[in-house]
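For this chain, numbers begin at 1 and follow the sequence in order.
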Amino acid sequence: QGNIYYTNPLTFDPTAQGNIHVGPIKVDPFFSTSESYDNNIFDAARNKESDFITTLSPGINLSSPIKSIKSEANFNYLANFLEYADHSDESHIDQYLGGSFKTMFPFGLGLIIQDRFEDTERPPYYDLIYGELVQRIRRHSNDFSATVALPEYFGRLEPEIYYSNYDIQYEDTTSTNAQGTTTTFVGKNSSYNTQLIGTRLTYKLFTKLNTLAEFNVGKTSYDTNVIGDSEFFESLFGIQFKETAKTTGIFKVGYRIRNYDNEKFDQFNGLILSYESRTLLTPSTYLDILLRKSQEEALVTNTIANRNFYELNSIYLTISRQITGKIKGNFSNYYQLLNYPAVQSGQSDIKTFTFGFRPYIDYKIQKWLTATLSFWYDNRSTTSNIADLGWEKSVTTFTIGATF
């Protein structure tokens, strides 16, 4: 089990130091240590338990240009060692390993290959407040993607072809409530693989405005027959604007069809959209907006296993300000509605509403040394009669991080 929602791995800053070289390879080691107080470590609706958690996070980033073939390779690794003061059984290690290769062929043909492996208890959609944040089970995942860009072949039209393969394996886990009842979650029932192939066509309408179209097809396959395999098709259209009225962003809207092999499961046909933008409000203040409406797979381990998917509606707002040359402030807040459609007549949809906020402040003590103080509040309510699907929690964290 365990919970590391509040753990934010130290972000690599490419402008910091970077004085270590081994031949053509640039070496950037980094390290952070943090102390957190979580008032509800098990995300419980009742009988909350709190704890102090110490996290040590060593990591390294390696990058190297390959000038002879106009390429660049990158490798990074991060480990989080979490130590619980009063609940030692919850102490664990999370590891993240990633790499990428970018190259440019003659006439503008580009290739980007990326791969990321995770061994963690962190929910896969945590970073952007996407999807379910209710599972605390061990998972091993590998996310591979490859993109081929043809930017100079067709004038203003820039086509891309991409492929991704996402594999996630969950472990079985158990939990014991205040009454001493032990429940086993069969994590392997949620393990799955998703493959997607698609194309993106971007047309340069004006200097700072592009139109785009995306067409994707994919398949999700589960390791067991508890959840049905499915195929999906989607098409999206949108615009991409660059520094228009001091705003950079992208808007996409489309339609998705997902067909499940198991006819007992609801089929999905519906609208999907996304919007991401950054606006320069003042020379030192940014506003980031993230909107999303989509359809996602529902995990078996979320205790409403017979509902095979949920509809997600979320908004994420962030204001960032450079207060002084060394101090940066940030305030984020999010609102999220998950709707699990009923699978049998007479049942009602299950809706889960979450809102939260997270202010933090960064102080750049030295070019290579940063201190961060943050607070995170999360509140979840649900229409389900399963009370443990709703909770309230807050986490306060102080972090010291160094990048060399």
Whether the side chain of [X] engages the backbone of [Y] through a donor-acceptor N/O pair (distance < 3.5 Å, no angle test) should be reported.
X      : Y      : answer
Lys26  : Ser64  : no
Thr199 : Glu160 : yes
Thr55  : Asn80  : no
Gln366 : Trp368 : no

Side-chain H-bond candidate by donor/acceptor type, [X] with [Y], under 3.5 Å:
X      : Y      : answer
Glu311 : Tyr340 : no
Ser294 : Glu296 : yes
Tyr37  : Asn39  : no
Thr247 : Ser277 : no
Glu231 : Asn259 : no
Tyr316 : Gln336 : no
Asn379 : Trp391 : no
Asp167 : Asn165 : no
Ser332 : Asn330 : yes
Thr54  : Glu83  : no

For the atom pair [atom1] ([X]) and [atom2] ([Y]), what is the distance rounded to the nearest 0.5 Å?
X      : Y      : atom1 : atom2 : answer
Ile93  : Leu56  : CD1   : CG    : 10.5 Å
Thr372 : Tyr363 : OG1   : OH    : 12.5 Å
Asp28  : Ser63  : CG    : OG    : 6.0 Å
Asp86  : Asp51  : CG    : CG    : 4.5 Å
Thr403 : Lys367 : OG1   : NZ    : 11.5 Å
Tyr84  : Ser36  : OH    : OG    : 9.0 Å

Got [X] and [Y] here, is their nearest side-chain heavy-atom distance under 4.5 Å?
X      : Y      : result
Thr352 : Leu337 : no
Ile60  : Val27  : yes
Gln169 : Ser141 : no
Leu201 : Pro159 : yes
Val217 : Phe232 : no
Lys208 : Phe241 : no
Arg358 : Tyr377 : no

Please work out which of the three classes, parallel, tilted or perpendicular, describes the rings of [Y] and [X], given edges at 30° and 60°.
X      : Y      : result
Tyr222 : Tyr192 : tilted
Tyr335 : Phe355 : parallel
Phe357 : Phe331 : parallel

Next on the checklist: Using a 6.0 Å cut-off, check whether atom NZ of Lys70 has over 12 heavy atoms from anything other than its own residue.
Outcome noted: no

Could you tell me whether [X] and [Y] make a salt bridge, using a distance below 4.0 angstrom between a side-chain N and a carboxylate O?
X      : Y      : value
Lys204 : Glu158 : no
Lys326 : Asp362 : no
Glu171 : Arg138 : no
Glu118 : Arg139 : yes
Lys48  : Asp38  : no

Contacts satisfying side chain to side chain donor-acceptor pair (under 3.5 Å) that involve residues 100-111 (not counting sequence neighbours) are Ser71-Thr103

Hey, mind stepping through Ile361 and Ile327 against side-chain contact (heavy atoms from CB on, under 4.5 Å) and telling me if it holds? CA-CA 7 Å; Ile361 188 166; Ile327 300 177; 3.6 Å; yes

**OP:** Before giving the answer on side-chain contact (heavy atoms from CB on, under 4.5 Å), spell out for Ile319 and Thr285 the whole-Å C-alpha distance, their side-chain angles and the decisive distance to 0.1 Å.
**Re:** CA-CA 7 Å; Ile319 294 180; Thr285 307; 4.0 Å; yes

If you take the centroid of each ring, where Trp contributes its six-membered ring, are His87 and Phe42 closer together than 6.0 Å?
yes

Full working for side-chain contact (heavy atoms from CB on, under 4.5 Å) between Ile272 and Glu234: CA-CA 9 Å; Ile272 58 175; Glu234 62 184 20; 3.4 Å; yes

Is the positively charged end of Arg278 above the ring of Tyr286, judged by distance under 6.0 angstrom from the centroid and angle within 45° of the axis? yes

| request: Answer yes or no on whether Arg292 is positioned over the face of Tyr275, meaning its NZ or CZ is under 6.0 Å from the six-membered ring centre and within 45° of the axis. | output: no

Can you list the steps and then say if Thr282 with Leu280 is a side-chain contact (heavy atoms from CB on, under 4.5 Å)? CA-CA 6 Å; Thr282 72; Leu280 183 63; 5.9 Å; no

Contacts of Phe105 meeting ring-ring contact (aromatic ring centres under 6.0 Å, His included) (sequence neighbours excluded), chain-then-number -> none

**OP:** Kindly determine whether Thr318 and Asp288 satisfy side chain to side chain donor-acceptor pair (under 3.5 Å), including the steps that lead there.
**Re:** CA-CA 5 Å; Thr318 301; Asp288 292 297; 5.3 Å; no

